[in-house]
Amino acid sequence: MSLEEEYQLQYFEDEGFHRLECSECGANFWTRDGDRQTCGEPPCAEYSFIDDPGFDEEHSLAEMREAFLSFFEDHDHERIDPYPVAANRWRDDVLLTQASIYDFQPLVTSGETPPPANPLTISQPCIRMQDIDNVGKTGRHTMAFEMMAHHAFNAREDIEDPDQYAYEGEVYWKDETVELCDELFDSLGADLDEITYIEDPWVGGGNAGPAIEVIYKGAELATLVFMSMEQDPEGEYEMKDGNRYSPMDTYIVDTGYGLERWTWMSQGTPTVYEAVYPDMIAFLKDNAGIDHTDEEESIIHDAARLSGNLDIDDVDDVEAARDDIADQVGVSTSELRDLVEPLEDIYAISDHCRTLAYMLGDGIVPSNVGTGYLARMVLRRTKRLCDNVGVDAPLDELVDMQAERLDYENRDTIRDIVRTEVERYRETLDRGGRRVRQLADEYAGKGESIPTKELIELYDSHGIQPDMVAEIAAEKGVDVAVPDDFYSLVAERHGGGEGVEADEDDPYADRIAELPDTDRLYYEDQTRMDFEAVVLDVFEREDGEYDIVLDQTMFYPEGGGQPADHGTLSTDDVTAEVRDVQISDGVVRHRTDEDPGKGEFVRGQIDATRRHRLMRHHTATHIVGYAARRVLGDHIRQAGAQKHTDSARLDVRHYEPISREEVREIEHLANEIVMDNSTVSQEWPHRNEAEAEHGFDLYQGGIPPGEQIRLIHVDEDVQACGGTHVARTGDVGAIKILGTERIQDGVERITFAAGDAAIEATQRTEDALSEAAEILDVSPQDVPETAERFFTEWKERGKTIEELKEELAEVRAAGADAGEEVDVGGTPAVVQRLDADMDELRATANAIVEEGKIAVIGSGRDGAQFVVAVPDDAGVDAGDVVGELAGRVGGGGGGPPDFAQGGGPNEAELDDALDDAPDVLRQVRNA
RNA sequence: GGGCCCAUAGCUCAGUGGUAGAGUGCCUCCUUUGCAAGGAGGAUGCCCAGGGUUCGAAUCCCUGUGGGUCCA
């Protein structure tokens, strides 16, 4: 079954639309103009709005956004504030927000959670990294953009249980959506006859549905998606991805209107960038000293208009079209290139700076993982573009220009981060440059070019772009051939083998699924440590332990970085020790050593000391996180946390190491909050209200499911949290930060202890110090100074010993107590036993050689060891001698011909071996 | 989260199992002296930590720590 009939809209009929087929591409489309030939979308048609804007008035970005949002507000839509560009703040399957619908996935689109409003309108900042190479060059690609949209969330009315989903009934569907689109165009003064609605079914992420592309004057200005089907092997519709789909109970209007395109359309500038970033472009041109004559200006303008009319979808097309365009505007290709390329860089810089402002403004910290890595990549690319085109304004200032325009409040932090990153990049380049120069020298010496293998290594392990290698190598006159498939070669190095970790098989998942959700009493009263319950089921495990399911429990199951409670479950006959508690699908399982019996009443008793310690550490984690945010900046966000009974750790995103000074400040502030002894409160608001009031910073520890979420208030800090907490901050007792460390780039770990654990931790540190003080026999305050003195003295002593050994060796060699002296083919040889360490043996042997004699020294200090040293021209290979001698003591040895060492374990054979040494020497000489 | 690279003198780095090196900077002296510089000599080191292999480890293996980098 096809989707053709899905497009037979009443609205089209009422308005007298015609369904036509494009003469170029064959696509079906709807239009008021019955004589129309093509669908209107490049390459079937050309842009017709350059120098001839499609709307009545010119709009700036802000004006166009406002026009759109207020239009939909006037048509009964609620205006929603945009979400962060860091989509991983509310979902864990993507890094960046790439469309407005991302804001409502997965919980709203699946019907689990109601939308914040219905219908709604929004202008959502988005970042798409996949077009990064095209930005600036094609005239219309941007990495940062705003997707203006209106959404309506519908649920079918003919389903069995209307309460099954978080929204009910139909708000509106296809006809109204197209009508709204048409009216919006009309309100801006567009020529409605020029609009085409192309049938273009949509598939993505397991969903599908009919969709319409809206084309006006050659530009795709909107996409209207009617998400209504899900993948289903039995489904009646086969879509273009080859899979089958069937209708869903929920169906959603998902529209996307590109703010930049609409703004561009209203201005008719040659490129989208000029419509969106007029101020920034003017600033950058001035800063880079780009100044065009009127004639040049008109060449650039014409070239841009021409390339806009071409089907230019990526950089390769630009290159291919350049000759053609140069020809048409009447200049040489290289002239055109020289005029246009600096502008392309400036366009890209403007766009990238806005991208960075979004990312950093939303609290992304550059790092080598996740969104942090994407931010770093964009930043480095932008820096390269600036250097390339000769923009010398500091990058942090450029990003700040955009951050200011976007009304971010954390502009100082953003500038700080950019400065830190630029400096870091400079260091990487320094390091890389040195490395490349060295390699270039090496290959220049060999008269070869730098091989691909080295290029890959330089890029993959050291972050040096191949073109940079080529540049530096050229200075040294060395060739570099960069293969076309360079980046796929890099990818190859990373291999494919993704380890799929299978979830642990739950042998009784079916039985668990049938049990009711366990009533979790610890949310009602976090301080109570005993309770009564009925045993609903008992599962005997293979290891002889039991999993007990109760109707209700006070036991906290492991979760949110808080370990499970321990304690006991007892009947009159049995007391079962609870050693672990887990929750799955709302059912709590208590791991015990005894079976209290299914159907029995049990009394539960929590190990109160353990729980209290965990509660203190959990509340303390919130306090420390809040204090860190106050001290280090608003970007501070939890990257992970784990509580224990004797300490806890909090990982936060931050762009530089936390200094000792900052640690002190955080500790002070944290303890002030403790001393304030304010109430720690919990509430269960609707998630939409919670998000509206507190933003997504709620989800520090992960994104909880469900409509109602639990919020914990500690001082001014609010977090969605499922853990157990003390009643007042004062109950935490005290907070002692034990240390900070960088666990990965952009993530700092703060380890701390709370309550009695803080005291114990302090005592441990003090014990260590006082023990050290005792050993050094000084007071604790003097330990650092004394340790330094001792260390220095120890080093000096080492040097003195070294010198003395050498002197001793010389005296020995010269003295009469030298060992047996024999003649080996005219060269005197000294054979001697000297029970000393290797250093001394070596020194002695050297001293003997100085006198022109062969030295054979043996030591029984540590097994049997030999050193053999031979003066020049003695005709004896020291390595052979040592090899022979060492063999006799069960070992081996070797070394250069004039100085060898070796040994073996059999010390008893040492003297015999030394006795044989003269013979060995003669043998080796004759060999 | 995964892959790769690196850790040796204050700095930049050589050193692939056998006596720890170079350049630069530093110190002293000499020459010259307005400065820059030139010459001679000298001092530098827990070779990141711990374990293993070996007669012997800066070097090989394992673990950890710290840093860098690429990818999702």
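Convention: sequence-line order gives letters A, B, ...; per-chain numbering from 1.
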task: With P as the reference atom in both, quote the distance from B/rU32 to B/rG39 in angstrom, rounded to an integer.
output: 15 Å
- prompt: Would you say B/rA14 has OP1 or OP2 under 4.0 Å from some side-chain N or O of A/Gln438?
  reply: yes
message: Both A/Phe791 and A/Leu374 contact RNA chain B. Taking the nearest nucleotide for each, which residue is further toward the 5' end?
response: A/Phe791
field: Sugar-phosphate only, base, or nothing, as touched by A/Gly370 at under 4.0 Å among non-hydrogen atoms
entry: base
- request: Would you classify A/Arg380 as touching base, sugar-phosphate or nothing, given that sugar-phosphate means primed atoms plus P, OP1 and OP2, and contacts are heavy atoms under 4.0 Å?
  value: sugar-phosphate
message: If I take atom CZ in residue A/Arg742 and atom C1' in nucleotide B/rU69, what distance separates them, rounded to the nearest angstrom?
response: 13 Å
- prompt: Taking the six-membered ring for Trp, are A/His635 and A/His654 parallel (under 30°), tilted (30 to 60°) or perpendicular (over 60°)?
  reply: parallel
- prompt: Considering only side-chain heavy atoms of A/Lys795, which listed nucleotide, B/rG68, B/rC46, B/rU19, is closest?
  reply: B/rC46
message: Among residues at least two apart in sequence or on other chains, which ones pass salt bridge (Lys or Arg N to Asp or Glu O under 4.0 Å) with A/Arg384?
response: none
Crowding at CD, A/Glu785 (>12 non-hydrogen neighbours, <6.0 Å): no
message: Could you tell me how far apart A/Leu429 (CG) and B/rC70 (P) are, to the nearest whole angstrom?
response: 10 Å
- request: Looking at every strand, decide which applies to A/Gly904 at a 4.0 Å heavy-atom threshold: base, sugar-phosphate, or nothing.
  value: sugar-phosphate
task: Using Watson-Crick or G-U wobble geometry with both distances below 3.5 Å, tell me the partner of B/rU16, or none.
output: none
- request: Please lay out, stage by stage, how A/Gln901 and A/Gln865 fare under the test side-chain hydrogen bond (donor to acceptor under 3.5 Å, both in side chains).
  value: CA-CA 8 Å; A/Gln901 45 202 306; A/Gln865 291 182 310; over 6 Å; no
- prompt: Quantified in whole Å, what is the C1' atom distance between nucleotide B/rC46 and nucleotide B/rG42?
  reply: 24 Å
field: Trace of the side-chain hydrogen bond (donor to acceptor under 3.5 Å, both in side chains) decision for A/Gln923 with A/Glu884
entry: CA-CA 10 Å; A/Gln923 247 170 21; A/Glu884 178 60 30; over 6 Å; no
Nearest listed nucleotide, side chain of A/Gln901, among B/rU19, B/rG45, B/rA14: B/rU19
Nucleotide paired to B/rU54 in any strand shown, Watson-Crick or G-U, under 3.5 Å: none
- request: Could you tell me the separation between the CG atom of A/Leu841 and the C1' atom of B/rC55, rounded to a whole number of Å?
  value: 13 Å
- request: Write down the distance between CD (A/Gln865) and C1' (B/rU54), rounded to a whole number of angstrom.
  value: 12 Å
field: Integer angstrom distance from the C1' of B/rG18 to that of B/rU28
entry: 36 Å
task: Determine which nucleotide pairs with B/rC47, using a 3.5 Å limit on both distances of a Watson-Crick or G-U wobble pair.
output: none
- prompt: So what does A/Gly463 hit on the nucleic acid, given a heavy-atom distance under 4.0 Å: a base, only sugar-phosphate, or nothing?
  reply: sugar-phosphate
- request: Provide the distance between the two P atoms, one in B/rA14 and one in B/rA22, to the nearest whole Å.
  value: 15 Å
Residues A/Asp697 and A/Arg637 bridged, charged N to O under 4.0 Å: yes
Name the pairs: protein N/O against N/O of nucleotides 5-8 of chain B, kept only if under 3.5 Å.
from	atom 1	to	atom 2	distance (Å)
B/rC5	O4'	A/Ser461	OG	3.3
B/rC5	O2'	A/His462	NE2	3.3

- prompt: Has A/Arg424 got a side-chain N or O lying under 4.0 Å from the OP1 or OP2 atom of B/rG67?
  reply: no
message: When both hydrogen-bonding distances must be under 3.5 Å and the geometry is Watson-Crick or G-U wobble, what is B/rU32 paired with, if anything?
response: none
statement: From CG of A/Asp839 across to P of B/rC55 the rounded distance in Å is 20 Å
Of the listed nucleotides B/rG18, B/rC46, B/rU69, the one nearest the side chain of A/Asp745: B/rU69
- prompt: Do A/Leu379 and A/Val418 come within less than 4.5 Å of each other through their side chains, counting heavy atoms only?
  reply: yes
field: Side-chain-base donor-acceptor pair under 3.5 Å for A/Asn368 and B/rG68
entry: no
query: Roughly how far apart, to the nearest Å, are B/rU24 and B/rG38 at atom P?
result: 9 Å
- request: Write down the distance between CD (A/Glu427) and P (B/rU69), rounded to a whole number of angstrom.
  value: 9 Å
query: So, is A/Arg434 close to the B/rC13 phosphate, meaning a side-chain N or O under 4.0 Å from OP1 or OP2?
result: yes
field: Side-chain donor-acceptor contact under 3.5 Å, A/Gln642 with A/Gln562
entry: no
task: Please state how far atom CD in A/Glu741 lies from atom C1' in B/rG64, giving the value in whole angstrom units.
output: 12 Å
- prompt: Is the aromatic ring centre of A/Tyr459 closer than 5.5 Å to the centre of the six-membered base ring of B/rU69, with the two planes inclined by less than 30°?
  reply: no
task: Could you check whether A/Arg376 gets within reach of a base, just the sugar-phosphate, or nothing at all, counting any heavy atom under 4.0 Å?
output: sugar-phosphate
query: Parallel, tilted or perpendicular: which fits the ring planes of A/Tyr459 and A/Phe486, with parallel below 30° and perpendicular above 60°?
result: perpendicular
Value in whole Å for how far the P atom of B/rU54 lies from CZ of A/Phe866: 19 Å
message: So for A/Asn846 and B/rU19, does any side-chain atom that can act as donor or acceptor lie under 3.5 Å from a complementary atom in the base?
response: yes
message: For a quick check under 3.5 Å, do A/Glu421 and A/Tyr655 share a side-chain donor-acceptor pair by atom type?
response: no
- prompt: Is it true that A/Tyr699 and A/Trp90 have ring centroids separated by less than 6.0 Å?
  reply: no
- request: Sticking with atom C1', work out how far B/rA57 lies from B/rG51, rounded to a whole angstrom.
  value: 13 Å
- prompt: Which whole number of Å gives the distance between the P atom of B/rC47 and that of B/rG10?
  reply: 11 Å
message: What's the gap between B/rC48 and B/rC29 when it is taken at their C1' atoms, as a whole Å value?
response: 38 Å
- prompt: Base, sugar-phosphate, or nothing: which does A/Arg861 touch, judged by heavy atoms less than 4.0 Å apart?
  reply: nothing
task: Look at the side-chain N and O atoms of A/Lys799 and state whether any lies under 4.0 Å from the OP1 or OP2 oxygen of B/rA43.
output: no
query: Considering Watson-Crick and G-U wobble pairs with both distances under 3.5 Å, what does B/rG23 pair with?
result: B/rC11
